Each structure stands twice: as C-alpha cells, then as structure tokens.
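Hydrogens, waters and symmetry mates play no part in the numbers below; they use all other heavy atoms, side chains included. These figures come from a predicted structure and were not determined experimentally.
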Amino acid sequence: MSDVVFRKGEHVLLRPLQRADIPAIRRWMNDPETTQYRLARAFPLMEKAQEEWLDRLSGSTTEFGLGIVTIEDNKLIGWIGLHEVDWAHRTATTSTTIGEADHLGKGYGTEAKMLLLDFAFNALDLYAVRSRVMDDNKRSLAYARKNGYEEVGRLPKWIRRQDGERCDEVVLVVTQEQWRPLWQEYLRNRRSPG
C-alpha cells in the first residue's frame with residue numbers, strides 16, 4: 001500500500017499527487033477516450049505544463065489534487081480534485097478522472113468521491129460543493145447522484161463535445177446536510193462484515 005495515505009476507504013485510498021504521477025496523468029489527459037467528457041481539456045498537455053500544475057497545487061489553499069490508488073494492488077488509477085474553494089462562502093467544485101479504463105464502472109470513483117467529500121465537509125467544514133457534467137456523461141451523472149448531488153440547473157448547448165456537437169452542461173450540488181446521512185451509511189457498511 002502507498003506509504004502516504006490522506007483518506008482510506010475499503011477499495012481505494014486518496015494520497016497527495018507526486019511528480020512520479022505526471023507520466024500517468026499526462027497519458028490520461030492526452031487520451032481522447034479518457035477526456036471525452038472533460039469540460040476543460042481541449043489542447044495537448046505537455047510535461048512542463050503538468051509539472052507547473054502540480055507545483056501550483058502544492059502551495060494552494062483553494063485547489064487540492066489527490067491520486068486515487070487501489071488498495072488491492074496499490075495502483076494509481078486516477079485523480080480527484082477539490083477546486084475553486086471559496087472560504088468566504090464555504091463552497092467548492094469537484095472533479096474526478098479515472099484514467100485506467102479497466103477500472104471504470106467498478107465503484108472506485110464513487111468511493112473516491114465519498115472520501116473527498118469527507119475532506120470537504122468534515123475537515124474543511126464546507127457548506128456545499130458542485131460538479132459540472134456534460135448531459136450525455138451518464139456514468140458521471142449516476143455516480144454524482146450516488147454521492148448525494150442533485151441537479152440544480154442546466155446551461156443549454158453550453159459545451160462543445162470533441163465530435164463538434166453541442167450538449168448541455170448539467171450543474172449538480174450536494175450540501176453537507178444532504179451528504180451526511182450517506183456518509184453515515186457508508187461508515188456502517190464499511191464496518192459490516194462480508
């Protein structure tokens with residue numbers, strides 16, 4: 001298991017990103033399959049830009065990036081972030097990328113988001129976090145809802161997909177109050193045998 005553990009679940013742990021992660025993240029962020037639903041990824045990502053991004057994260061109190069590592073085989077499979085932390089209003093935005101395609105649809109992203117929300121709500125005492133998702137990204141919409149997010153609005157035809165077609169941007173929000181019962185259920189299930 002990773003020697004640095006920021007948050008640990010049953011199947012994944014979150015740990016600070018490190019320079020050794022840059023090749024994997026750069027591979028994911030340049031892969032059209034991985035980035036097809038990314039709202040802010042349109043240009044090739046160079047190594048220097050990735051290093052500068054990691055350097056900015058290291059000193060930030062408004063942006064946090066964490067690696068998602070499987071506990072079973074200690075493999076970095078993605079990253080998750082808490083962004084645009086607004087300390088005055090106690091809000092933020094979240095994002096998630098599972099870069100290893102063979103780890104999609106197995107609940108790793110859902111658990112990673114639950115652990116990130118533990119940090120956001122229990123450690124930082126934020127009021128609410130939001131997520132922005134393309135309306136045709138069914139997987140992200142479903143997993144956000146599993147973590148308590150509710151749709152609060154849509155920006156019609158706001159996003160231009162990689163194929164040139166336009167789609168709605170769905171805005172989802174979860175408050176600490178909405179999330180707390182899900183966290184208690186998560187903790188009960190972790191403690192339950194089998």
Side-chain angles (χ1 to χ4, degrees), residues 1-2 4-17 37-39 57 60-72 75-100 103-155 158 168-194:
M1 184 169 29
S2 176
V4 178
V5 178
F6 184 72
R7 292 285 186 280
K8 184 178 178 186
E10 277 191 277
H11 306 287
V12 298
L13 63 85
L14 304 182
R15 63 153 171 78
L17 291 170
Y37 294 116
R38 297 282 304 175
L39 300 180
L57 279 180
S60 180
T61 59
T62 60
E63 303 280 332
F64 303 94
L66 299 162
I68 303 170
V69 177
T70 56
I71 291 174
E72 179 181 40
K75 181 177 182 177
L76 179 73
I77 61 166
W79 72 275
I80 193 163
L82 190 62
H83 313 285
E84 303 167 350
V85 177
D86 183 326
W87 293 109
H89 299 291
R90 307 211 65 80
T91 59
T93 302
T94 60
S95 67
T96 309
T97 298
I98 300 294
E100 298 299 329
H103 288 76
L104 288 169
K106 297 183 177 179
Y108 295 122
T110 301
E111 184 173 45
K113 182 70 73 150
M114 187 62 69
L115 296 172
L116 182 72
L117 293 174
D118 169 43
F119 171 57
F121 293 136
N122 289 330
L124 301 181
D125 194 31
L126 296 184
Y127 167 73
V129 297
R130 74 174 170 186
S131 185
R132 298 170 18 237
V133 180
M134 292 173 155
D135 69 349
D136 59 347
N137 188 347
K138 306 303 181 201
R139 179 177 281 139
S140 286
L141 287 168
Y143 117 97
R145 289 180 176 120
K146 284 182 187 176
N147 283 287
Y149 288 78
E150 294 181 359
E151 183 176 330
V152 296
R154 284 178 178 251
L155 300 171
W158 195 256
D168 294 355
E169 180 179 314
V170 180
V171 180
L172 303 120
V173 171
V174 61
T175 66
Q176 185 179 137
E177 182 180 2
Q178 292 168 310
W179 171 83
R180 192 143 315 278
L182 296 173
W183 178 245
Q184 294 306 317
E185 180 182 342
Y186 172 78
L187 292 176
R188 278 192 304 276
N189 290 337
R190 277 182 60 180
R191 292 184 192 118
S192 299

Testing the basics here: between [X] and [Y], what is the closest heavy-atom pair and its distance to 0.1 Å?
{"X": "A92", "Y": "L126", "answer": "CB-CD1, 3.8 Å"}
{"X": "V133", "Y": "S140", "answer": "CG1-CB, 3.8 Å"}
{"X": "R180", "Y": "F121", "answer": "NH2-O, 4.1 Å"}
{"X": "P16", "Y": "V4", "answer": "CD-CG1, 3.5 Å"}
{"X": "A123", "Y": "R7", "answer": "CB-NH2, 3.5 Å"}

(request) Begin with the C-alpha distance, continue with both residues' side-chain angles, and end with the deciding distance and a verdict on side chain to side chain donor-acceptor pair (under 3.5 Å) for R188 and Q184. (result) CA-CA 6 Å; R188 278 192 304 276; Q184 294 306 317; 5.1 Å; no

(message) For the backbone of E84 and the side chain of E63, can you confirm whether one donor and one acceptor N or O come within less than 3.5 Å of each other?
(response) yes

(request) Measure from the side-chain N and O atoms of D118 to the backbone N and O of M114, and report whether any donor-acceptor pair falls under 3.5 Å. (result) no

(message) Could you check whether atom CH2 of W183 has more than 12 heavy atoms from other residues, nucleotides or ligands sitting under 6.0 Å from it?
(response) yes

(message) Working to the nearest 0.5 angstrom, can you tell me the gap between L116 CG and L82 CG?
(response) 5.0 Å

(request) Drop me the distance from L141's CG to D135's CG, to the nearest 0.5 angstrom. (result) 7.5 Å

(request) Applying side chain to side chain donor-acceptor pair (under 3.5 Å), run through E10 and N189 and close with a yes or a no. (result) CA-CA 10 Å; E10 277 191 277; N189 290 337; over 6 Å; no

(request) Please find out if less than 6.0 Å separates the ring center of F119 from that of F64. (result) yes

(request) List the steps and the verdict of side chain to side chain contact (heavy atoms under 4.5 Å, CB included) for I98 and I68. (result) CA-CA 8 Å; I98 300 294; I68 303 170; 3.9 Å; yes

(message) Salt bridge or not between R132 and E169? Use side-chain N to carboxylate O under 4.0 Å.
(response) yes

Taking only residues two or more places apart in sequence or in another chain, which ones pass side chain to side chain contact (heavy atoms under 4.5 Å, CB included) with [X]?
{"X": "V173", "result": "A128, R130, V152"}
{"X": "E151", "result": "R145, R154, V170, L172"}
{"X": "T70", "result": "D73, K75, I77, H103, Y108"}

(message) Could you tell me if N122 and Q176 have a donor-acceptor pair between their side chains, going purely by distance under 3.5 Å?
(response) no

(message) Run the side chain to side chain donor-acceptor pair (under 3.5 Å) test on Y186 and E111 for me, step by step, so that the C-alpha distance in whole Å, both residues' side-chain angles and the decisive distance to 0.1 Å come before the verdict.
(response) CA-CA 9 Å; Y186 172 78; E111 184 173 45; 2.7 Å; yes

(request) Applying side chain to side chain contact (heavy atoms under 4.5 Å, CB included), run through T110 and N147 and close with a yes or a no. (result) CA-CA 7 Å; T110 301; N147 283 287; 3.6 Å; yes

